[in-house]
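So the structure is just underneath, and the comments pick up after that.
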Amino acid sequence: MTAPVFVVEEFPAGGAGQYVLDGPEGRHAVSVKRLQPGEEVVLTDGAGRWAVCDVLAAEGKDRLVVRMTSVSEEPEPSPRITVVQALPKGDRGEVAVETMTEVGVDRIVPWQAARCITQWKGERGLKSLAKWRGTAREAGKQSRRVRFPEVTDATTTRQVAALLAEADLAAVLHSDFEHGSEPLAAAELPTAGEIVLVVGPEGGVARDEIALFEEAGAKAYTLGPTVMRTSTAGTAAAALLLGRTGRWS
């Protein structure tokens, strides 16, 4: 197993020497992980900068002293994969964010689709968005990523159409088998740029939404003969694309 990952706000000037990990991350390292001198940890800002460090000492309950040798930069992935995720019911949204983060999705866009039962409004919407972002951060650490996915503000259908219009591959998962959807496994993929994948709510993507997305240049695709839950489909589709683009090679 690779070294555990902890998040820092910024790296010290020069990117080397001793560093003290404290606060919630330090507490997790010392009191939960119980890291000891000689073990390795990875520090990252979650935006691609990271460093492998040797643990020098654990002090108290929340201070981990490490030696940082250098700071590295993980390049931007190519092609980038964005998943537009319609808002599911209950905690299924956090499940979707967690598993999409684990497989390697680069950006997650919450979408208030016409058939969404869940509504992100006011304070409730802000709390839900914070949960999604916190889930992405924790899942990024757990899966040993150093570049965490961006979770954007909630978007409208027209904003999603604008994203699709700019994509190098714009795909809408659509389980209406009479619509003429193509298999995602056979889609022609770009070697670089941006892939935008739309996952509808449990009731499916509405006809007027599909029409607007196709007008923006998107195509409808299926993931096979079965119908997946909205909290599962994005992860399955992203895994398929990550394998086909060579990012898992």
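Position 1 is the first residue of the sequence; numbering continues from there. Atom set for the values below is all heavy atoms of this structure, side chains included, hydrogens, waters and symmetry mates excluded.
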Any side-chain heavy-atom pair of D54 and E40 under 4.5 Å: yes
Around atom CD1 of I117, are there more than 12 heavy atoms of other residues, nucleotides or ligands at under 6.0 Å? no
Just by distance, do the side chain of E25 and the backbone of V7 share a donor-acceptor pair under 3.5 Å? yes
Is the backbone N or O of G26 less than 3.5 Å from a side-chain atom of R63, with the two atoms forming a donor-acceptor pair by type? no
Give the C-alpha distance, both sets of side-chain angles, the deciding distance and a yes or no for side-chain contact (heavy atoms from CB on, under 4.5 Å) between V95 and T235. CA-CA 10 Å; V95 172; T235 300; over 6 Å; no
Within the structure provided, determine whether D62 and V30 are in side-chain contact (heavy-atom separation under 4.5 Å). no
Short side-chain to backbone donor-acceptor contact, R115 and P201, under 3.5 Å: no
d(L169 CG, T245 OG1) to nearest 0.5 Å is 11.0 Å
Please say yes or no: joined through hydrophobic side-chain contacts below 4.5 Å, possibly via intermediate residues, are V71 and V8 part of one cluster? yes
Under the salt bridge (charged side-chain N to carboxylate O under 4.0 Å, His left out) criterion, do E10 and R49 qualify, and how do the steps go? CA-CA 9 Å; E10 59 183 6; R49 300 190 75 206; over 6 Å; no
Measure the shortest side-chain to side-chain distance between L212 and E209 over non-hydrogen atoms and say whether it is less than 4.5 angstrom. no
Yes or no on side-chain contact (heavy atoms from CB on, under 4.5 Å) for V42 and T2, after CA distance, side-chain angles and deciding distance? CA-CA 9 Å; V42 171; T2 55; over 6 Å; no
V146 and F11: same hydrophobic cluster, using ILVMFWY side-chain contacts below 4.5 Å? no
At their closest point, which heavy atom of A236 faces which heavy atom of L223, and how far apart are they? CB-CD1, 4.1 Å
Taking the side chain from T230 and the backbone from G200, do they hold a donor-acceptor pair closer than 3.5 Å? yes
Minimum side-chain heavy-atom gap E74-T44 below 4.5 Å: no
Qualifying residues under ring-ring contact (aromatic ring centres under 6.0 Å, His included), relative to F213, sequence neighbours excluded: W111
Heavy-atom pair with the smallest gap, counting every atom of A220 and H174: CB-CB, 4.0 Å
From CG (L64) to CD (Q36), nearest 0.5 Å: 9.5 Å
Hey, does T69 have a side-chain heavy atom less than 4.5 Å from the side chain of V52? no
State plainly whether one hydrophobic cluster holds both V198 and Y221, where clusters connect Ile, Leu, Val, Met, Phe, Trp and Tyr through side-chain heavy atoms under 4.5 angstrom apart. no
Is any side-chain heavy atom of E76 closer than 4.5 Å to a side-chain heavy atom of R147? yes
Roughly how far, to the nearest 0.5 Å, is NZ of K33 from CD of E39? 10.0 Å
What's the separation between atom CD in E138 and atom CD in E94, rounded to the nearest 0.5 Å? 13.0 Å
Cluster question for you: counting only ILVMFWY and a side-chain heavy-atom cut-off of under 4.5 Å, with indirect links fine, are V84 and V172 together? yes
Side chain R244, main chain L189, donor-acceptor under 3.5 Å: no
When you look at D106 and R247, which way does the side-chain contact (heavy atoms from CB on, under 4.5 Å) test go after all the steps? CA-CA 12 Å; D106 304 298; R247 282 183 49 181; 2.7 Å; yes
Can you tell if the side chain of T152 reaches within under 4.5 Å of the side chain of R107, non-hydrogen atoms only? yes
So, for P149 and V105, which heavy atoms are closest and what is the spacing to 0.1 Å? CB-O, 3.3 Å
Please give me the minimum heavy-atom distance between L197 and A237, naming the atom from each residue. CD2-CB, 3.2 Å
Identify the two heavy atoms, one from A233 and one from V199, that lie closest to each other, and give their separation to 0.1 Å. CB-CG1, 4.1 Å
State, with a plain yes or no, whether a side-chain heavy atom of E194 is found less than 4.5 Å away from one of E166. no
All heavy atoms of P88 vs all of T118, minimum pair found to be O-OG1, 2.9 Å
About how many Å separate CH2 of W120 and CH2 of W132, when rounded to the nearest 0.5 Å? 4.5 Å
Quick one: do F6 and Y19 end up in the same hydrophobic cluster if we chain Ile, Leu, Val, Met, Phe, Trp and Tyr together by side-chain heavy atoms under 4.5 Å apart? yes
Rounded to the nearest 0.5 Å, how far apart are NE2 of H28 and CG of L21? 10.5 Å
